[in-house]
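First the structure, in the form of structure tokens, and then the observations on it.
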Amino acid sequence: MSDAGPLLRTPLYDLHVASGGRMVPFAGYEMPVQFPPGIMAEHLHARSAAGLFDVSHMGQIILRPRSGNTADAALALERLVPVDVLGLGEGRQRYAFFTNEHGGILDDLMIANRGDHLLLVVNAACKAEDEAHLRASLSDSCEVEVLADRALLALQGPQAEAVLGRLDPKAAEMRFMDVADLVLAGIACVVSRSGYTGEDGFEISLPAVDVAVVAEALLADHRVLPIGLGARDSLRLEAGLCLYGADLDTGTTPVEAGLEWAMQKVRRTGGARAGGFPGADAILRQLEEGAARRRVGLRPEGRAPVRGGAALFAAVEGGAQIGVVTSGAFGPSIEGPVAMGYVETALSSPGSTVFAELRGKRVPVAVTPLPFVPNRYKR
């Protein structure tokens with residue numbers, strides 16, 4: 001049991017156990033951290049073939065305009081996110097984040113335009129707060145519907161298109177961030193060409209009662225292995241992707257996190273729909289003037305990972321703390337430790353050297369561009 005009560009299970013719990021998954025508590029759920037091949041093998045398999053991830057613990061929420069016009073739902077949602085939702089075309093998806101009045105990030109999410117509604121995918125640990133936030137802020141113009149009866153799978157890796165294309169050839173026609181209706185193993189699914197590994201791949205929303213049928217059909221392909229949370233974390237870290245609760249939180253702004261790319265010109269100062277979201281003054285000012293600290297990639301010397309929470313310093317001895325590591329692990333693809341963290345902006349240039357405190361000793365860490373492994377999205 002967790003502190004908050006009994007752990008929940010996704011509809012694939014029995015399949016995970018039958019597959020030898022080692023189950024651990026995560027975001028209120030019992031989830032597989034690894035399968036018999038182990039984290040290293042699972043990671044490398046997802047980079048070279050295809051990995052299947054159960055992400056059914058994440059939240060799926062529909063935002064349906066009361067007017068019947070999806071543009072009204074898009075404009076309403078823009079009151080909560082600094083992102084161009086109105087310009088998101090039907091059948092397309094976009095990364096976004098909810099912000100607070102100080103410009104901090106409440107959660108990051110994906111938004112898909114499904115024609116007559118918007119489909120949001122939010123983090124498991126935040127989904128109750130996100131639902132309450134949406135209901136409190138947008139109920140005047142939108143119906144908020146939580147899809148508690150839906151599951152979510154992710155198929156990731158260079159063989160993902162070929163694997164999914166055997167079940168529905170339309171998968172091959174999709175570009176990065178496209179969203180389409182596919183039929184997989186006889187089940188109607190909503191599929192986006194996206195993921196959380198830096199690899200080409202797909203995320204598949206489908207009825208919870210049918211998810212085992214589709215998962216087993218995918219796992220029947222010799223190119224697919226089930227992947228646990230351990231490899232999911234090292235894959236996303238090598239791809240330079242943020243984990244909410246580690247690299248992002250309510251005290252971190254999008255500019256500090258290096259997420260300017262997700263805030264389109266139309267929402268920035270001088271844009272047609274500039275501002276109007278929580279924390280706009282702080283975020284727009286940082287977009288113009290910069291932030292005092294920045295998220296950076298970090299490559300520790302040696303082979304020992306530097307974990308989240310490690311303090312960063314400018315010198316090997318003395319001086320005040322200048323930053324903190326927020327995520328760290330061994331990167332199997334590059335055969336060395338990788339990490340992300342925040343440092344003072346003056347020390348954020350690639351090539352700078354800072355020092356991480358590791359078991360009472362400071363070790364050199366090179367500030368490095370992100371991602372550590374080039375992404376392979378199908379654009």
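Under a 3.5 Å cut-off, the side chain of E256 and the backbone N or O of A291 do not form any donor-acceptor pair. Remark: the backbone N or O of D84 is paired with a side-chain donor or acceptor of Q264 at under 3.5 angstrom. The backbone N or O of R293 sits less than 3.5 Å from a side-chain atom of T345, completing a donor-acceptor pair. At least one donor-acceptor pair closer than 3.5 Å links the side chain of R267 to the backbone N or O of G275.
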Would you mind writing out the side-chain donor-acceptor pairs for residues 25-37 within the sub-3.5 Å range, not counting sequence neighbours?
| from | atom 1 | to | atom 2 | distance (Å) |
| --- | --- | --- | --- | --- |
| Y29 | OH | K127 | NZ | 2.7 |
| E30 | OE2 | R9 | NE | 2.8 |
| E30 | OE2 | R9 | NH2 | 3.3 |

Using atom types as modelled, flag every donor-acceptor pair under 3.5 Å from a side chain in residues 325-332 to any protein atom, sequence neighbours excluded.
| from | atom 1 | to | atom 2 | distance (Å) |
| --- | --- | --- | --- | --- |
| T326 | OG1 | D247 | OD1 | 2.7 |
| T326 | OG1 | M340 | O | 3.2 |
| S327 | OG | R236 | NH2 | 2.8 |
| S327 | OG | D247 | OD1 | 2.8 |
| S327 | OG | D247 | OD2 | 3.0 |

Taking distance alone, no hydrogens or angles, what donor-acceptor pairs closer than 3.5 Å link side-chain atoms of residues 363-370 to residues at least two apart or in another chain?
| from | atom 1 | to | atom 2 | distance (Å) |
| --- | --- | --- | --- | --- |
| T368 | OG1 | A366 | O | 3.0 |

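For R92, the salt bridge (Lys or Arg N to Asp or Glu O under 4.0 Å) partners two or more places apart in sequence, or in a different chain, are D178. Partners of E199 under the side-chain hydrogen bond (donor to acceptor under 3.5 Å, both in side chains) rule, at least two apart in sequence or in another chain, are R47, R376. Partners of D168 under the salt bridge (Lys or Arg N to Asp or Glu O under 4.0 Å) rule, at least two apart in sequence or in another chain, do not exist in this structure. Judged as a side-chain hydrogen bond (donor to acceptor under 3.5 Å, both in side chains), and not counting sequence neighbours, D281 has no contacts. Partners of D72 under the side-chain hydrogen bond (donor to acceptor under 3.5 Å, both in side chains) rule, at least two apart in sequence or in another chain, are S67.
Shortest non-hydrogen contact noted between A154 and V55 is N-CG2, 4.2 Å. Among all heavy-atom pairs drawn from I283 and P278, the shortest one is CD1-O, 4.3 Å. The nearest pair of heavy atoms linking I39 to S234 is CG2-OG, 4.5 Å. The minimum heavy-atom distance linking H16 with T10 is given by the pair NE2-OG1, 4.1 Å. Closest non-hydrogen pair, F372 versus G297, comes out as CZ-CA, 3.8 Å. Shown here for M177 and S194, the closest heavy-atom pair between the two residues is SD-CB, 4.2 Å.
Within a 6.0 Å sphere centred on CZ of R135, heavy atoms belonging to other residues, nucleotides or ligands number more than 12. In the displayed structure, R22 atom CZ is contacted under 6.0 Å by at most 12 heavy atoms of other residues, nucleotides or ligands. Crowding of K378 atom NZ: a count of heavy atoms from other residues, nucleotides or ligands under 6.0 Å exceeding 12.
Pairs passing the ring-ring contact (aromatic ring centres under 6.0 Å, His included) check and including a residue from residues 63-104, sequence neighbours excluded, read Y95-F97, Y95-W261, F98-H133. Applying the salt bridge (charged side-chain N to carboxylate O under 4.0 Å, His left out) rule to pairs touching residues 342-362 yields nothing, sequence neighbours excluded. The salt bridge (charged side-chain N to carboxylate O under 4.0 Å, His left out) contacts involving residues 144-154 comprise R64-E145, where partners must be two or more places apart or lie in separate chains. Counting only residues at least two apart or on different chains, no ring-ring contact (aromatic ring centres under 6.0 Å, His included) pair has a member in residues 196-217.
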Check your understanding: Passes side chain to side chain contact (heavy atoms under 4.5 Å, CB included), I111 versus Q93? Steps please.
Key -> CA-CA 5 Å; I111 303 169; Q93 178 174 260; over 6 Å; no
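Under the 4.0 Å criterion applied to side-chain N and carboxylate O atoms, D181 and R114 are assigned as salt-bridge partners.
Remark: of the listed residues R294, R295, R268, R294 is the sole one forming a salt bridge (Lys or Arg N to Asp or Glu O under 4.0 Å) with E260.
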